[in-house]
Amino acid sequence: MKSLVKTGYRPVDSVADEGSGRRWSFLEKLLLGLTLREYLRQAVRNPLNWILGALFAVGFPLIIYRFIFGLGVVTHSSNDYPWGLFLGFGLFVMVPLSASGFLMGTTVELFGRKDFKPILRIALLNGLLGYFFAVVYLLCDLGQPWRLPYPMVVAWGTAAVLFLVGWHVATYLTVQILEVSEAFFEWAQWPMAKQFIKKMTIGLTIAGIILSTLHQGALGALFTYAPSKVHPLWYSQEFLWIFFFVSSIFGGLCMVIVVSSIVKKTMFWRADEAFRENLDRLTIGLARGSSMALITYLTIKLLGIAHDNEWAYLATGWGQWFSFELLFGVIAPMVLFAYGIRNQRVGIVRFGALIAVLGIALNRLNTAIIAFNWNLYQEIPHIFEWIIAFTLFGLYIATYRFILYRLPIVYSWKKVPVEAYAKATEKVHSHGAVAQPSTVSREMR
Amino acid sequence: MSKMTRRKFLSVSLAGAAAGTFTLSGKAIGAAGFTGYPDGMGVLVDLTRCIGCRTCEAACNEEQKLPAPAVPFDDHSVFDELHHGGTQKRRTDENAFTVVNRYEAGKEGQPAYRKIQCNHCNEPACLTSCFVNAYTKTKEGAVIYNSKVCVGCRNCMVACPFRIPAYSYSSAFNPVIRKCIFCYDTRLKFGRPPACVEACPQEVLTFGHRKNLIKVAYERIRVNPGRYVGHLYGENEVGGTSWMYLSGVPFEEVGFDTTLQKEPILANAQAFLSNVPMVLSIWPALFLGFHRLATRGGEGAEEKPATEKREDI
Ligand code: SF4
Ligand code: SF4
Ligand code: SF4
């Protein structure tokens, strides 16, 4: 793509080609304004595609294998370790990293911080895809995935925390699809549908906050069912859900920093000035927000130990592992953020965000797999389980990129230059006063 | 009794909250309703009498029509089996709902044996953690399972403090949870004791009303204090279980988890669950209020130049 852009190519970002005034067809929009050959050529040149291709070539057959022969052949999940990587990574790690949607939605739509708008949509998309793929992982893990709707329609286990998780993830997924659909409707040019969604924005945003607060916490509360199995340092009857909720705040924000940095590095051609010029400043802003959450998290983590009086455990091997998690995943990003924000060093902030994201992943894996059954034995996931988990993650990346290339997420969809449009449709409109032929008025976001 | 009202309250308020949010009918109220079981049955397991003959395993296998085991039931070499790097003794699985293990815990080098199976908790963690109500605690005290609604999330396995439910991982199209069901369908329902109880040659297992069994147990301890460690395991653990144990050696030496809490497992999630209706009712007004405050006095007053171009319509 970069080399294409150097030759003067401009990706599709408006209803009609600005040069000729010809309307893009659906297929052209899908191929970013390239011919099929040009499109394939640039795809083949991209090394990420090779990696993904290799991964999928191994992973997809394994997924099919899993569905024909059952979970037993691809996982080490056992009667003692019912949950392996599919849930440990796919659900418990992906969901907190996807809190970005509700966080930025709240910031922009509810608190009126319009200056964060250039990254609002990438935060919403990050949320949507993260949840969507958490469900994909879940489907892979469930013994009877076709019964997923059961807790909604067949039998109600209303007193179960998982019931809450199921309902909320399902409804929140719907909310997020609606939120992101605004960008889709711009791209697909269904203005009526977009207007309809826009009217619901505040309602959707508030629904997002409610559902997120509850199910982010609920994922933590799930482990309160296993008091004798999760190591006391990671277990806290009273605080576990608050730990999960508060850490999802910086998890989501840091994930936006990480993803937007990757976009800036690898998809510069796709971003518009608003995104390019504001990103560094907004990254610092996000880091400020994350710092607050990190400090809160650290405080309540220590409170949690004090409350259950678990200091003695810190001297054990588990305690060292626990301290490492906190030092690496919480204190290191805090220090990096503090330094980066004070000296306006965006690179350092980005690095800190990456560490925080890894820290969250470590915490969730610790709670769900590593410190789970700590007094029994350690389970190392089956090699096939790793491959399937990576394959689904590769699919997540591919989908992410597919959407970012096309929908107005990091750029804004332009209105038709009126004159050009008139030329193209060969109809005379009397809109001449609205826009000069050369000006491109941006459509609303 | 307070337990019942609490559970009822919880399920009702949750269902109400859920119904309120998703504008569904309130017909689910009471779906997880707690009936109570004053006539609940139970089994008293007196480990001091167990000789590790595995007759109970064989009886269970036959009664539940389980596949023949790899090692016959009269072969005692299974007691030497160790799994997972030599750390784990045998446990229940999809083809064995009860398992007897040997422990070198007895006095003067005498081994001690322990039979394990589902303990049929009074307020089972498997039941309260299941999001489709696949489990039922019957009035006779059995905790049974309905494979027709189970989704296969295996949360019940995470929740059971005794690590009992097993899963048929090898089945691709109809994997289910497998565990002891107190011979509910074939025996308990008709007032008969489970197969293992009837088969045991040593009278290790005593079947009866749970509340009577507690009396029997304490009577045995009183009459023969030297024989027992003086604790009735299961009387209060995680809210009490229908199956209870007497032992002559410390319980932790025969594989029991003696760190379990007295309250039912459900109580742990309660702090969180009781927040749910609050969040559902308070958040909308609160955040709408924030929104009003934040956007009053000119929307987008603090907009930066770069974003001015993208105005709302
Ligand atoms: S022992 Fe486990 S499986 Fe049996 S009733 Fe209790 S929680 Fe459920
Ligand atoms: S595995 Fe089945 S029975 Fe167990 S919690 Fe999940 S749905 Fe319920
Ligand atoms: S049948 Fe009775 S004596 Fe034999 S192993 Fe079972 S409980 Fe022990």
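Proteins come first, then strands; the chains are lettered A, B, ... in the order of their sequence lines, and each starts at number 1.
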So which part of [X] gets closer than 4.5 Å to some heavy atom of chain B, the side chain, the backbone, both or neither?
X: A:T205; answer: neither
X: A:F245; answer: neither
X: A:A218; answer: both
X: A:F67; answer: backbone

Mark yes or no for whether [X], through its side chain, and [Y], through its backbone, hold a donor-acceptor pair below 3.5 Å.
X: A:K229; Y: B:P161; value: no
X: B:H291; Y: A:I202; value: no
X: A:Q237; Y: B:A269; value: no
X: B:Y169; Y: A:S78; value: yes
X: A:W241; Y: B:L273; value: no

Look up atom [atom1] in [X] and atom [atom2] in [Y], then write down how far apart they are to the nearest 0.5 Å.
X: A:N79; Y: B:K179; atom1: CG; atom2: NZ; answer: 13.5 Å
X: A:I206; Y: B:F287; atom1: CD1; atom2: CZ; answer: 8.5 Å
X: B:W283; Y: A:T213; atom1: CH2; atom2: OG1; answer: 6.0 Å

Under 4.5 Å heavy-atom distance to chain A, tell me which part of [X] shows up: side chain, backbone, both or neither.
X: B:T92; result: backbone
X: B:S129; result: both
X: B:C130; result: backbone
X: B:F173; result: both

For this session: Measure the acute angle between the ring planes of B:F290 and A:F111, then classify it against the limits of 30° and 60° as parallel, tilted or perpendicular.
Result: perpendicular
Quick check for you: among [options], which has the greatest number of heavy-atom pairs under 4.5 Å with chain A?
options: B:N174, B:N155, B:L286, B:V151; value: B:V151
options: B:V158, B:V279, B:I265; value: B:V158
options: B:N275, B:D257, B:L260; value: B:N275

Problem set entry | Pairs flagged by salt bridge (Lys or Arg N to Asp or Glu O under 4.0 Å) wherever residues 153-175 of chain B is involved - sequence neighbours left out | A:D141-B:R154
Exercise. Please, which pairs that meet salt bridge (Lys or Arg N to Asp or Glu O under 4.0 Å) have at least one residue in residues 86-101 of chain B, sequence neighbours excluded?
Worked result: A:D80-B:R91, B:E57-B:R90
Problem set entry | Heavy-atom pair with the smallest gap, counting every atom of B:N268 and A:Y235 | ND2-OH, 3.1 Å
For this session: Check the pair A:Y150 / B:N133 against side-chain hydrogen bond (donor to acceptor under 3.5 Å, both in side chains), numbers first and verdict last.
Result: CA-CA 10 Å; A:Y150 272 31; B:N133 269 336; over 6 Å; no
Exercise. Looking at side-chain heavy atoms only, is the closest gap between A:V161 and B:F131 below 4.5 Å?
Worked result: no
Exercise. Is there side-chain contact between B:P175 and A:L71, with heavy atoms separated by less than 4.5 Å?
Worked result: no
